[in-house]
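Per chain, numbering begins at 1; letters A, B, ... match sequence-line order.
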Amino acid sequence: MSAPAILSSDEEQSAPSARPGRVAVLGTGARLALGLLVPLALALGWEVAVAAGVASGRLLPPPSRVGAALWTLAASGEIWTHVEATLIRVGLGFAFGASAGILAGALTATLPALRWLVDPSLQALRAVPSLAWVPLFILWFGILETPKVALIAVGVFFPVYVGVAGAIASVDRKLVEVGRIFRLSKLALARRILLPAVLPATLTALRTGLGLGFLFVVAAELMGASEGLGYLLLDGQQFSKPDQILAAIISFAVVGKAADAVLVALTGPLVRWQDTARDTL
Amino acid sequence: MLSIQSLSKTYADGTRALEGIDLDVPNAEIVALIGGSGCGKTTLLRLIAGLDHPSAGRIALDGEPITGPHPGVGLVFQEPRLLPWLTVADNVGFGIEHQPKRERRERIAHALERVGLVGHAGRWPRELSGGQQQRVSIARAFVASPRVLLLDEPFSALDAFTRKDLHRHLLALWEEVRPTVLIVTHDVAEAVALADRAIVMRPHPGHLDDTVVLPMRRPRDPAAPASEAATRTILSALDHSLRPRDASRAPQLAGGSSF
Ligand SMILES: Nc1ncnc2c1ncn2[C@@H]1O[C@H](COP(=O)(O)OP(=O)(O)O)[C@@H](O)[C@H]1O
Ligand SMILES: [Mg+2]
(Lines give C-alpha, C1' and ligand atoms only; values in the text may rest on other atoms or scores of the structure.)
(Ligands and ions follow the chains in the order given, each with its own letter.)
Protein backbone atom coordinates (compact mmCIF):
# COMPACT_ATOMS: atom_id res chain seq x y z
CA MET A 1 0.00 0.00 0.00
CA SER A 2 2.99 2.26 0.50
CA ALA A 3 4.18 2.15 -3.08
CA PRO A 4 1.61 4.57 -4.53
CA ALA A 5 2.28 7.04 -1.78
CA ILE A 6 5.99 7.02 -2.54
CA LEU A 7 5.28 7.42 -6.22
CA SER A 8 3.03 10.40 -5.78
CA SER A 9 5.40 12.15 -3.44
CA ASP A 10 8.04 11.72 -6.11
CA GLU A 11 5.66 13.42 -8.51
CA GLU A 12 5.21 16.54 -6.44
CA GLN A 13 8.85 17.19 -5.69
CA SER A 14 11.22 19.51 -7.51
CA ALA A 15 9.02 22.59 -7.68
CA PRO A 16 11.46 25.36 -8.65
CA SER A 17 9.73 27.98 -6.54
CA ALA A 18 10.44 25.96 -3.44
CA ARG A 19 14.08 27.02 -3.34
CA PRO A 20 15.65 27.24 0.09
CA GLY A 21 15.10 30.58 1.77
CA ARG A 22 18.80 31.45 1.86
CA VAL A 23 18.44 33.84 -1.05
CA ALA A 24 15.42 35.49 0.50
CA VAL A 25 17.27 36.11 3.76
CA LEU A 26 19.56 38.55 1.95
CA GLY A 27 17.40 40.47 -0.51
CA THR A 28 18.89 42.17 -3.55
CA GLY A 29 18.95 45.52 -1.79
CA ALA A 30 20.71 44.16 1.25
CA ARG A 31 23.32 42.43 -0.88
CA LEU A 32 24.00 45.64 -2.83
CA ALA A 33 24.38 47.53 0.42
CA LEU A 34 26.82 44.94 1.70
CA GLY A 35 28.95 45.33 -1.40
CA LEU A 36 29.05 49.11 -0.95
CA LEU A 37 30.14 48.87 2.65
CA VAL A 38 33.88 48.51 2.07
CA PRO A 39 34.35 51.36 -0.46
CA LEU A 40 32.14 53.66 1.60
CA ALA A 41 34.07 52.95 4.77
CA LEU A 42 37.40 53.56 3.01
CA ALA A 43 36.15 56.78 1.45
CA LEU A 44 34.78 58.04 4.71
CA GLY A 45 38.01 57.15 6.53
CA TRP A 46 40.09 59.07 4.02
CA GLU A 47 37.78 62.06 4.12
CA VAL A 48 38.05 62.21 7.90
CA ALA A 49 41.82 61.72 7.80
CA VAL A 50 42.30 64.64 5.41
CA ALA A 51 39.83 66.85 7.23
CA ALA A 52 41.62 66.17 10.53
CA GLY A 53 44.93 67.08 8.94
CA VAL A 54 46.37 63.59 9.40
CA ALA A 55 47.04 63.42 5.66
CA SER A 56 47.51 66.22 3.16
CA GLY A 57 45.34 64.79 0.42
CA ARG A 58 47.46 66.50 -2.22
CA LEU A 59 48.25 63.39 -4.25
CA LEU A 60 45.15 61.47 -3.22
CA PRO A 61 42.34 64.00 -2.82
CA PRO A 62 39.52 63.18 -0.42
CA PRO A 63 36.18 62.03 -1.85
CA SER A 64 34.60 65.43 -1.44
CA ARG A 65 37.15 67.02 -3.81
CA VAL A 66 36.80 64.18 -6.31
CA GLY A 67 33.04 64.59 -6.08
CA ALA A 68 33.37 68.32 -6.62
CA ALA A 69 35.57 67.73 -9.68
CA LEU A 70 33.03 65.28 -11.05
CA TRP A 71 30.25 67.73 -10.39
CA THR A 72 32.04 70.56 -12.18
CA LEU A 73 32.74 68.34 -15.15
CA ALA A 74 29.15 67.19 -15.26
CA ALA A 75 27.63 70.63 -14.73
CA SER A 76 29.64 72.16 -17.54
CA GLY A 77 28.59 69.23 -19.74
CA GLU A 78 32.24 68.56 -20.41
CA ILE A 79 32.17 65.03 -19.05
CA TRP A 80 29.44 64.00 -21.45
CA THR A 81 31.60 64.93 -24.41
CA HIS A 82 34.33 62.72 -23.03
CA VAL A 83 32.00 59.85 -22.16
CA GLU A 84 30.46 60.07 -25.60
CA ALA A 85 33.83 60.05 -27.36
CA THR A 86 34.98 57.05 -25.35
CA LEU A 87 31.72 55.17 -25.85
CA ILE A 88 31.77 55.74 -29.60
CA ARG A 89 35.30 54.37 -29.84
CA VAL A 90 34.50 51.34 -27.70
CA GLY A 91 31.22 50.80 -29.55
CA LEU A 92 32.82 50.90 -32.98
CA GLY A 93 35.81 48.80 -31.96
CA PHE A 94 33.55 46.30 -30.24
CA ALA A 95 31.21 46.10 -33.22
CA PHE A 96 34.05 45.45 -35.67
CA GLY A 97 36.05 43.17 -33.39
CA ALA A 98 33.07 41.14 -32.19
CA SER A 99 31.56 40.62 -35.65
CA ALA A 100 34.91 39.60 -37.05
CA GLY A 101 35.48 37.31 -34.07
CA ILE A 102 32.08 35.65 -34.39
CA LEU A 103 32.47 35.22 -38.13
CA ALA A 104 36.02 33.86 -37.91
CA GLY A 105 35.17 31.63 -34.98
CA ALA A 106 32.09 30.18 -36.67
CA LEU A 107 33.90 29.59 -39.95
CA THR A 108 37.00 27.96 -38.52
CA ALA A 109 34.97 25.80 -36.16
CA THR A 110 32.74 24.46 -38.93
CA LEU A 111 35.24 24.20 -41.80
CA PRO A 112 38.20 22.04 -40.80
CA ALA A 113 40.22 23.00 -43.87
CA LEU A 114 39.87 26.67 -43.03
CA ARG A 115 40.77 25.93 -39.44
CA TRP A 116 43.99 24.22 -40.40
CA LEU A 117 44.73 27.07 -42.74
CA VAL A 118 44.20 30.12 -40.54
CA ASP A 119 43.90 29.07 -36.91
CA PRO A 120 47.66 28.66 -36.36
CA SER A 121 48.27 32.17 -37.71
CA LEU A 122 45.48 33.65 -35.61
CA GLN A 123 46.81 31.90 -32.52
CA ALA A 124 50.27 33.30 -33.23
CA LEU A 125 48.84 36.80 -33.64
CA ARG A 126 46.91 36.33 -30.43
CA ALA A 127 50.18 35.80 -28.61
CA VAL A 128 51.25 39.33 -29.59
CA PRO A 129 50.31 41.81 -26.84
CA SER A 130 47.73 44.00 -28.56
CA LEU A 131 49.48 47.19 -27.48
CA ALA A 132 52.43 46.17 -29.60
CA TRP A 133 50.35 47.07 -32.63
CA VAL A 134 50.06 50.70 -31.61
CA PRO A 135 53.10 52.06 -33.45
CA LEU A 136 52.17 50.18 -36.59
CA PHE A 137 48.57 51.34 -36.46
CA ILE A 138 49.71 54.95 -36.03
CA LEU A 139 51.99 54.59 -39.04
CA TRP A 140 49.19 53.06 -41.08
CA PHE A 141 46.19 55.04 -39.95
CA GLY A 142 47.56 58.30 -38.59
CA ILE A 143 46.73 59.49 -35.10
CA LEU A 144 43.03 60.19 -35.38
CA GLU A 145 40.15 57.81 -34.70
CA THR A 146 41.06 54.93 -36.99
CA PRO A 147 44.06 53.55 -35.06
CA LYS A 148 42.12 53.79 -31.82
CA VAL A 149 39.15 51.88 -33.14
CA ALA A 150 41.48 49.36 -34.78
CA LEU A 151 43.33 48.75 -31.54
CA ILE A 152 40.09 48.20 -29.65
CA ALA A 153 38.77 45.93 -32.39
CA VAL A 154 41.93 43.80 -32.23
CA GLY A 155 41.58 43.56 -28.47
CA VAL A 156 37.94 42.49 -28.73
CA PHE A 157 38.49 40.12 -31.65
CA PHE A 158 40.62 37.47 -29.98
CA PRO A 159 38.56 36.56 -26.93
CA VAL A 160 35.43 36.48 -29.09
CA TYR A 161 37.13 34.38 -31.76
CA VAL A 162 38.48 31.88 -29.25
CA GLY A 163 35.21 31.78 -27.31
CA VAL A 164 32.97 31.23 -30.31
CA ALA A 165 35.22 28.65 -31.95
CA GLY A 166 35.53 26.77 -28.67
CA ALA A 167 31.78 26.88 -28.08
CA ILE A 168 31.01 25.46 -31.51
CA ALA A 169 33.68 22.80 -31.22
CA SER A 170 32.30 21.62 -27.91
CA VAL A 171 28.63 21.37 -28.87
CA ASP A 172 27.31 18.13 -27.45
CA ARG A 173 27.27 15.47 -30.17
CA LYS A 174 24.39 13.85 -28.33
CA LEU A 175 22.13 16.83 -28.94
CA VAL A 176 23.17 16.97 -32.57
CA GLU A 177 22.01 13.36 -32.87
CA VAL A 178 18.58 14.38 -31.63
CA GLY A 179 18.44 16.70 -34.60
CA ARG A 180 19.61 13.94 -36.92
CA ILE A 181 16.97 11.52 -35.65
CA PHE A 182 14.33 14.08 -36.59
CA ARG A 183 16.04 14.56 -39.95
CA LEU A 184 16.79 18.24 -39.65
CA SER A 185 18.47 19.82 -42.65
CA LYS A 186 21.96 21.32 -42.21
CA LEU A 187 20.43 24.76 -41.92
CA ALA A 188 17.76 23.69 -39.45
CA LEU A 189 20.39 21.89 -37.40
CA ALA A 190 22.44 25.08 -37.23
CA ARG A 191 19.42 27.18 -36.30
CA ARG A 192 17.67 24.86 -33.88
CA ILE A 193 20.56 23.13 -32.17
CA LEU A 194 23.98 24.67 -32.83
CA LEU A 195 22.94 28.30 -32.39
CA PRO A 196 21.16 27.94 -29.06
CA ALA A 197 23.85 25.58 -27.82
CA VAL A 198 26.67 28.06 -28.43
CA LEU A 199 24.77 31.14 -27.30
CA PRO A 200 25.78 31.14 -23.62
CA ALA A 201 29.50 30.74 -24.30
CA THR A 202 29.27 33.33 -27.07
CA LEU A 203 27.68 35.87 -24.75
CA THR A 204 30.36 35.21 -22.15
CA ALA A 205 32.99 35.78 -24.83
CA LEU A 206 31.27 39.02 -25.85
CA ARG A 207 31.33 40.25 -22.26
CA THR A 208 35.01 39.46 -21.99
CA GLY A 209 35.50 41.27 -25.28
CA LEU A 210 33.63 44.33 -24.09
CA GLY A 211 35.74 44.42 -20.94
CA LEU A 212 38.88 44.32 -23.05
CA GLY A 213 37.38 47.03 -25.25
CA PHE A 214 37.38 49.35 -22.26
CA LEU A 215 40.90 48.28 -21.37
CA PHE A 216 42.14 49.20 -24.81
CA VAL A 217 40.22 52.42 -25.14
CA VAL A 218 42.28 53.77 -22.25
CA ALA A 219 45.47 52.74 -24.01
CA ALA A 220 44.20 54.22 -27.27
CA GLU A 221 43.25 57.53 -25.70
CA LEU A 222 46.49 57.76 -23.77
CA MET A 223 48.36 57.64 -27.06
CA GLY A 224 46.87 60.99 -27.91
CA ALA A 225 43.36 62.31 -28.05
CA SER A 226 41.63 65.64 -27.64
CA GLU A 227 38.61 64.16 -25.92
CA GLY A 228 37.55 61.01 -24.16
CA LEU A 229 37.89 59.76 -20.59
CA GLY A 230 41.45 58.68 -21.34
CA TYR A 231 42.23 62.24 -22.37
CA LEU A 232 40.90 63.42 -19.01
CA LEU A 233 43.35 61.06 -17.34
CA LEU A 234 46.28 62.33 -19.36
CA ASP A 235 45.24 65.93 -18.91
CA GLY A 236 44.97 65.39 -15.18
CA GLN A 237 48.47 63.96 -15.07
CA GLN A 238 50.03 66.73 -17.16
CA PHE A 239 48.43 69.50 -15.13
CA SER A 240 48.72 67.75 -11.77
CA LYS A 241 45.00 67.38 -11.15
CA PRO A 242 44.65 64.11 -9.22
CA ASP A 243 41.01 64.87 -8.51
CA GLN A 244 40.34 64.96 -12.24
CA ILE A 245 42.22 61.67 -12.70
CA LEU A 246 40.11 60.04 -10.02
CA ALA A 247 36.96 61.53 -11.51
CA ALA A 248 37.90 60.00 -14.86
CA ILE A 249 38.65 56.64 -13.25
CA ILE A 250 35.29 56.65 -11.52
CA SER A 251 33.61 57.54 -14.81
CA PHE A 252 35.39 54.64 -16.48
CA ALA A 253 34.13 52.28 -13.79
CA VAL A 254 30.57 53.55 -14.08
CA VAL A 255 30.50 53.58 -17.89
CA GLY A 256 32.16 50.15 -18.17
CA LYS A 257 29.83 48.59 -15.66
CA ALA A 258 26.81 50.21 -17.32
CA ALA A 259 27.84 48.95 -20.76
CA ASP A 260 28.28 45.46 -19.35
CA ALA A 261 24.90 45.67 -17.63
CA VAL A 262 23.26 46.75 -20.88
CA LEU A 263 24.85 43.84 -22.73
CA VAL A 264 23.67 41.41 -20.06
CA ALA A 265 20.17 42.89 -19.99
CA LEU A 266 19.85 42.74 -23.78
CA THR A 267 21.06 39.16 -24.04
CA GLY A 268 19.80 37.76 -20.76
CA PRO A 269 16.40 36.66 -22.10
CA LEU A 270 18.18 34.53 -24.72
CA VAL A 271 19.82 32.34 -22.11
CA ARG A 272 17.12 32.33 -19.47
CA TRP A 273 16.94 28.55 -19.79
CA GLN A 274 20.47 28.11 -18.60
CA ASP A 275 21.07 25.91 -15.61
CA THR A 276 23.67 27.86 -13.72
CA ALA A 277 24.39 28.22 -10.08
CA ARG A 278 23.79 31.97 -10.36
CA ASP A 279 20.36 32.06 -8.80
CA THR A 280 20.97 29.45 -6.14
CA LEU A 281 24.27 30.67 -4.77
CA MET B 1 7.49 -5.41 -40.68
CA LEU B 2 11.01 -4.50 -39.65
CA SER B 3 13.39 -6.90 -41.26
CA ILE B 4 17.09 -7.19 -40.62
CA GLN B 5 19.24 -9.44 -42.77
CA SER B 6 22.78 -10.64 -42.01
CA LEU B 7 23.60 -7.31 -40.43
CA SER B 8 27.17 -6.73 -39.30
CA LYS B 9 28.99 -3.75 -37.87
CA THR B 10 32.72 -3.50 -37.45
CA TYR B 11 33.92 -0.18 -36.06
CA ALA B 12 36.88 1.67 -37.53
CA ASP B 13 39.11 0.39 -34.74
CA GLY B 14 38.32 -3.20 -35.68
CA THR B 15 35.77 -3.90 -32.93
CA ARG B 16 33.28 -6.43 -34.26
CA ALA B 17 30.23 -5.03 -32.50
CA LEU B 18 27.67 -7.06 -34.42
CA GLU B 19 27.87 -10.01 -36.75
CA GLY B 20 25.25 -11.83 -38.76
CA ILE B 21 22.11 -10.40 -37.18
CA ASP B 22 18.91 -11.77 -38.69
CA LEU B 23 15.67 -10.55 -37.20
CA ASP B 24 12.13 -10.00 -38.39
CA VAL B 25 9.76 -8.03 -36.20
CA PRO B 26 6.11 -7.95 -37.27
CA ASN B 27 4.24 -4.67 -36.91
CA ALA B 28 3.19 -3.69 -33.38
CA GLU B 29 5.29 -6.37 -31.74
CA ILE B 30 7.29 -5.40 -28.65
CA VAL B 31 10.71 -7.01 -28.57
CA ALA B 32 13.09 -6.78 -25.63
CA LEU B 33 16.81 -7.09 -26.29
CA ILE B 34 18.66 -8.35 -23.25
CA GLY B 35 22.35 -8.80 -22.74
CA GLY B 36 25.36 -7.63 -20.79
CA SER B 37 27.14 -4.48 -21.76
CA GLY B 38 29.25 -4.62 -24.88
CA CYS B 39 27.14 -7.11 -26.79
CA GLY B 40 26.14 -4.57 -29.38
CA LYS B 41 22.64 -3.55 -28.28
CA THR B 42 23.23 0.16 -28.72
CA THR B 43 25.02 -0.47 -31.99
CA LEU B 44 22.03 -2.42 -33.29
CA LEU B 45 19.57 0.34 -32.40
CA ARG B 46 21.79 3.03 -33.92
CA LEU B 47 21.97 1.06 -37.15
CA ILE B 48 18.19 0.67 -37.28
CA ALA B 49 17.79 4.36 -36.49
CA GLY B 50 20.07 5.18 -39.39
CA LEU B 51 22.56 7.07 -37.21
CA ASP B 52 25.38 4.72 -38.21
CA HIS B 53 25.95 2.64 -41.31
CA PRO B 54 26.25 -1.15 -41.22
CA SER B 55 29.41 -2.83 -42.49
CA ALA B 56 27.29 -5.49 -44.16
CA GLY B 57 23.68 -6.61 -44.38
CA ARG B 58 20.48 -4.67 -44.78
CA ILE B 59 17.63 -3.23 -42.77
CA ALA B 60 14.21 -2.62 -44.26
CA LEU B 61 10.98 -1.19 -42.89
CA ASP B 62 7.96 -2.56 -44.74
CA GLY B 63 10.23 -3.35 -47.66
CA GLU B 64 11.80 0.10 -47.76
CA PRO B 65 15.55 0.00 -47.10
CA ILE B 66 16.84 2.12 -44.22
CA THR B 67 19.99 4.02 -45.12
CA GLY B 68 19.70 7.01 -42.81
CA PRO B 69 17.35 8.51 -40.24
CA HIS B 70 13.87 7.54 -41.38
CA PRO B 71 10.60 9.35 -40.60
CA GLY B 72 9.03 6.06 -39.55
CA VAL B 73 11.72 5.23 -37.00
CA GLY B 74 11.97 6.93 -33.61
CA LEU B 75 14.70 6.53 -31.03
CA VAL B 76 14.66 7.16 -27.30
CA PHE B 77 18.22 7.43 -26.05
CA GLN B 78 19.54 6.08 -22.82
CA GLU B 79 19.74 9.65 -21.48
CA PRO B 80 16.76 11.96 -21.96
CA ARG B 81 18.73 14.29 -24.27
CA LEU B 82 16.25 17.10 -23.92
CA LEU B 83 17.22 20.44 -25.42
CA PRO B 84 17.82 22.63 -22.36
CA TRP B 85 16.76 25.83 -24.17
CA LEU B 86 13.29 24.55 -25.01
CA THR B 87 10.39 24.24 -22.62
CA VAL B 88 8.95 20.81 -21.94
CA ALA B 89 6.19 21.40 -24.50
CA ASP B 90 8.62 22.58 -27.18
CA ASN B 91 10.85 19.60 -26.50
CA VAL B 92 7.93 17.26 -27.04
CA GLY B 93 7.05 19.07 -30.26
CA PHE B 94 10.65 19.22 -31.50
CA GLY B 95 10.17 16.63 -34.22
CA ILE B 96 6.87 17.95 -35.58
CA GLU B 97 7.72 21.59 -36.14
CA HIS B 98 6.64 21.33 -39.78
CA GLN B 99 3.05 20.59 -38.76
CA PRO B 100 0.38 23.31 -38.56
CA LYS B 101 0.51 25.17 -35.27
CA ARG B 102 -2.86 24.04 -33.99
CA GLU B 103 -2.38 20.38 -34.72
CA ARG B 104 1.08 20.56 -33.21
CA ARG B 105 -0.27 22.11 -30.04
CA GLU B 106 -2.96 19.49 -29.71
CA ARG B 107 -0.56 16.64 -30.23
CA ILE B 108 1.85 18.02 -27.67
CA ALA B 109 -0.91 18.50 -25.12
CA HIS B 110 -2.19 15.01 -25.76
CA ALA B 111 1.23 13.40 -25.43
CA LEU B 112 1.96 15.33 -22.25
CA GLU B 113 -1.32 14.14 -20.82
CA ARG B 114 -0.44 10.59 -21.76
CA VAL B 115 2.83 10.71 -19.85
CA GLY B 116 1.29 12.56 -16.93
CA LEU B 117 3.08 15.87 -17.34
CA VAL B 118 0.21 18.21 -18.22
CA GLY B 119 1.10 20.73 -15.54
CA HIS B 120 4.74 20.84 -16.61
CA ALA B 121 4.36 22.04 -20.21
CA GLY B 122 5.92 25.43 -19.60
CA ARG B 123 8.82 24.35 -17.45
CA TRP B 124 12.48 23.97 -18.35
CA PRO B 125 13.91 20.46 -18.57
CA ARG B 126 16.27 21.21 -15.71
CA GLU B 127 13.29 21.68 -13.44
CA LEU B 128 12.17 18.07 -13.92
CA SER B 129 13.28 14.95 -12.14
CA GLY B 130 15.13 12.27 -14.07
CA GLY B 131 12.01 10.17 -14.52
CA GLN B 132 10.00 13.14 -15.72
CA GLN B 133 12.72 14.05 -18.23
CA GLN B 134 12.70 10.53 -19.61
CA ARG B 135 8.92 10.72 -19.96
CA VAL B 136 9.33 13.93 -21.98
CA SER B 137 11.80 12.19 -24.23
CA ILE B 138 9.41 9.27 -24.75
CA ALA B 139 6.61 11.72 -25.53
CA ARG B 140 8.91 13.48 -28.00
CA ALA B 141 9.44 10.22 -29.84
CA PHE B 142 5.74 9.32 -29.79
CA VAL B 143 4.30 12.59 -31.14
CA ALA B 144 6.10 11.93 -34.42
CA SER B 145 3.97 8.76 -34.70
CA PRO B 146 6.81 6.38 -35.51
CA ARG B 147 6.11 2.99 -37.04
CA VAL B 148 9.14 1.63 -35.22
CA LEU B 149 10.17 2.92 -31.83
CA LEU B 150 13.61 2.06 -30.50
CA LEU B 151 14.38 2.50 -26.81
CA ASP B 152 17.94 2.14 -25.53
CA GLU B 153 17.86 1.23 -21.85
CA PRO B 154 15.49 4.13 -21.30
CA PHE B 155 14.80 3.41 -17.67
CA SER B 156 18.09 1.98 -16.46
CA ALA B 157 19.04 5.12 -14.56
CA LEU B 158 15.76 5.24 -12.65
CA ASP B 159 14.59 3.73 -9.40
CA ALA B 160 12.24 0.76 -9.39
CA PHE B 161 9.09 2.75 -8.56
CA THR B 162 9.63 5.31 -11.28
CA ARG B 163 10.47 2.53 -13.70
CA LYS B 164 7.20 0.71 -13.07
CA ASP B 165 5.32 3.93 -13.52
CA LEU B 166 7.07 4.56 -16.83
CA HIS B 167 6.25 1.04 -18.04
CA ARG B 168 2.62 1.96 -17.57
CA HIS B 169 2.99 5.21 -19.52
CA LEU B 170 4.91 3.46 -22.27
CA LEU B 171 2.27 0.79 -22.70
CA ALA B 172 -0.48 3.42 -22.72
CA LEU B 173 1.24 5.27 -25.54
CA TRP B 174 1.94 2.05 -27.38
CA GLU B 175 -1.76 1.09 -27.21
CA GLU B 176 -2.55 4.32 -29.00
CA VAL B 177 -0.03 4.35 -31.83
CA ARG B 178 0.80 0.65 -31.81
CA PRO B 179 4.31 0.98 -33.20
CA THR B 180 6.77 -1.84 -33.43
CA VAL B 181 8.95 -1.51 -30.33
CA LEU B 182 12.52 -2.63 -29.75
CA ILE B 183 13.53 -1.99 -26.19
CA VAL B 184 17.01 -2.65 -24.87
CA THR B 185 17.22 -3.55 -21.23
CA HIS B 186 19.27 -5.51 -18.79
CA ASP B 187 16.38 -5.83 -16.44
CA VAL B 188 14.67 -9.19 -16.92
CA ALA B 189 11.57 -8.00 -15.06
CA GLU B 190 11.28 -5.14 -17.53
CA ALA B 191 11.34 -7.53 -20.45
CA VAL B 192 8.71 -9.73 -18.82
CA ALA B 193 6.52 -6.72 -18.05
CA LEU B 194 6.59 -5.27 -21.54
CA ALA B 195 7.65 -7.57 -24.32
CA ASP B 196 6.05 -10.14 -26.61
CA ARG B 197 9.45 -11.62 -27.19
CA ALA B 198 12.74 -11.38 -25.36
CA ILE B 199 15.95 -11.84 -27.31
CA VAL B 200 19.14 -12.60 -25.43
CA MET B 201 22.31 -11.23 -27.00
CA ARG B 202 25.88 -12.37 -26.69
CA PRO B 203 29.15 -10.46 -27.23
CA HIS B 204 32.41 -11.01 -29.17
CA PRO B 205 31.10 -10.47 -31.75
CA GLY B 206 27.63 -9.31 -30.80
CA HIS B 207 24.88 -11.59 -32.04
CA LEU B 208 21.40 -12.85 -31.14
CA ASP B 209 21.72 -15.90 -28.94
CA ASP B 210 18.30 -17.07 -27.81
CA THR B 211 14.66 -16.06 -28.02
CA VAL B 212 12.01 -16.39 -25.31
CA VAL B 213 8.39 -15.86 -26.35
CA LEU B 214 6.23 -14.04 -23.78
CA PRO B 215 2.61 -14.69 -24.74
CA MET B 216 0.98 -13.40 -21.53
CA ARG B 217 -1.86 -10.88 -21.79
CA ARG B 218 -1.45 -7.30 -20.66
CA PRO B 219 -1.59 -5.76 -18.13
CA ARG B 220 0.75 -8.26 -16.59
CA ASP B 221 1.16 -9.19 -12.99
CA PRO B 222 4.84 -9.82 -12.25
CA ALA B 223 3.83 -12.23 -9.51
CA ALA B 224 1.65 -14.38 -11.78
CA PRO B 225 2.96 -17.91 -12.38
CA ALA B 226 3.32 -17.30 -16.13
CA SER B 227 5.48 -14.21 -15.49
CA GLU B 228 7.59 -16.06 -12.98
CA ALA B 229 8.12 -18.93 -15.35
CA ALA B 230 9.08 -16.51 -18.14
CA THR B 231 11.52 -14.76 -15.82
CA ARG B 232 13.16 -18.09 -15.00
CA THR B 233 13.42 -19.01 -18.68
CA ILE B 234 15.06 -15.70 -19.58
CA LEU B 235 17.42 -15.91 -16.63
CA SER B 236 18.58 -19.34 -17.65
CA ALA B 237 19.01 -18.21 -21.26
CA LEU B 238 21.07 -15.26 -19.98
CA ASP B 239 23.04 -17.57 -17.79
CA HIS B 240 23.74 -19.78 -20.74
CA SER B 241 24.81 -16.80 -22.83
CA LEU B 242 27.37 -15.82 -20.20
CA ARG B 243 29.09 -19.20 -20.34
CA PRO B 244 31.91 -19.56 -22.84
CA ARG B 245 30.36 -20.77 -26.04
CA ASP B 246 30.68 -24.47 -26.95
CA ALA B 247 33.10 -25.72 -29.55
CA SER B 248 30.46 -26.41 -32.19
CA ARG B 249 29.48 -22.76 -32.27
CA ALA B 250 32.80 -21.05 -32.53
CA PRO B 251 35.68 -23.43 -32.85
CA GLN B 252 38.07 -20.61 -33.65
CA LEU B 253 37.56 -19.24 -30.15
CA ALA B 254 38.21 -22.51 -28.37
CA GLY B 255 41.26 -20.98 -26.71
CA GLY B 256 38.92 -19.22 -24.28
CA SER B 257 39.67 -15.80 -25.71
CA SER B 258 36.10 -14.68 -25.36
CA PHE B 259 37.20 -11.93 -23.01
N1 LIG C 1 31.96 4.29 -31.80
C2 LIG C 1 32.57 3.14 -31.49
N3 LIG C 1 33.83 2.89 -31.93
C4 LIG C 1 34.44 1.73 -31.64
N5 LIG C 1 33.91 0.74 -30.91
C6 LIG C 1 32.66 0.93 -30.45
C7 LIG C 1 31.93 2.13 -30.70
N8 LIG C 1 30.72 2.03 -30.11
C9 LIG C 1 30.70 0.82 -29.51
N10 LIG C 1 31.86 0.15 -29.71
C11 LIG C 1 32.17 -1.20 -29.24
O12 LIG C 1 31.23 -2.07 -29.80
C13 LIG C 1 30.83 -3.03 -28.84
C14 LIG C 1 29.34 -2.98 -28.66
O15 LIG C 1 29.02 -1.73 -28.08
P16 LIG C 1 27.52 -1.30 -27.73
O17 LIG C 1 26.71 -1.45 -28.95
O18 LIG C 1 27.58 0.05 -27.13
O19 LIG C 1 27.12 -2.38 -26.67
P20 LIG C 1 25.93 -2.39 -25.60
O21 LIG C 1 25.00 -1.28 -25.94
O22 LIG C 1 25.31 -3.73 -25.74
O23 LIG C 1 26.54 -2.22 -24.26
C24 LIG C 1 31.61 -2.74 -27.57
O25 LIG C 1 32.72 -3.60 -27.54
C26 LIG C 1 32.04 -1.32 -27.74
O27 LIG C 1 33.27 -1.10 -27.10
MG1 LIG D 1 24.36 0.39 -24.74
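Interface remark: B:His98 contributes no atoms to any contact with chain A (heavy atom separation under 4.5 Å). Contact of B:Leu86 with chain A is not made at all, since no heavy-atom distance falls under 4.5 Å. Looking at A:Ala188, there are no atoms closer than 4.5 Å to chain B (heavy atoms on both sides), in backbone or side chain. Heavy-atom distances place the side chain of A:Leu184, and not its backbone, under 4.5 Å from chain B. In this structure, chain A has a heavy atom under 4.5 Å from the side chain of B:Phe77, while its backbone stays farther away. Proximity to chain A involves both the backbone and the side chain of B:Pro71, based on heavy atoms less than 4.5 angstrom apart.
A salt bridge does not link B:Lys9 with B:Asp52: none of the charged nitrogens is closer than 4.0 Å to a carboxylate oxygen.
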*asked:* Go through it in stages, so that I can follow the logic: the residues are B:Phe94 and B:Leu82, the test is side chain to side chain contact (heavy atoms under 4.5 Å, CB included), and I'd like the CA-CA distance, side-chain angles, deciding distance and then a yes or no.
replied: CA-CA 10 Å; B:Phe94 185 79; B:Leu82 303 182; over 6 Å; no
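No cation-pi contact links B:Lys164 to B:Phe161, judged by a cut-off of 6.0 Å to the six-membered ring centre and 45° from its axis. A cation-pi arrangement, defined by a distance under 6.0 Å to the six-membered ring centre and an angle within 45 degrees of its axis, is absent between A:Arg192 and B:Trp85.
Under the rule for a side chain to side chain donor-acceptor pair (under 3.5 Å), the partners of A:Gln123 that lie at least two apart in sequence or sit in another chain are A:Asp119, A:Arg126.
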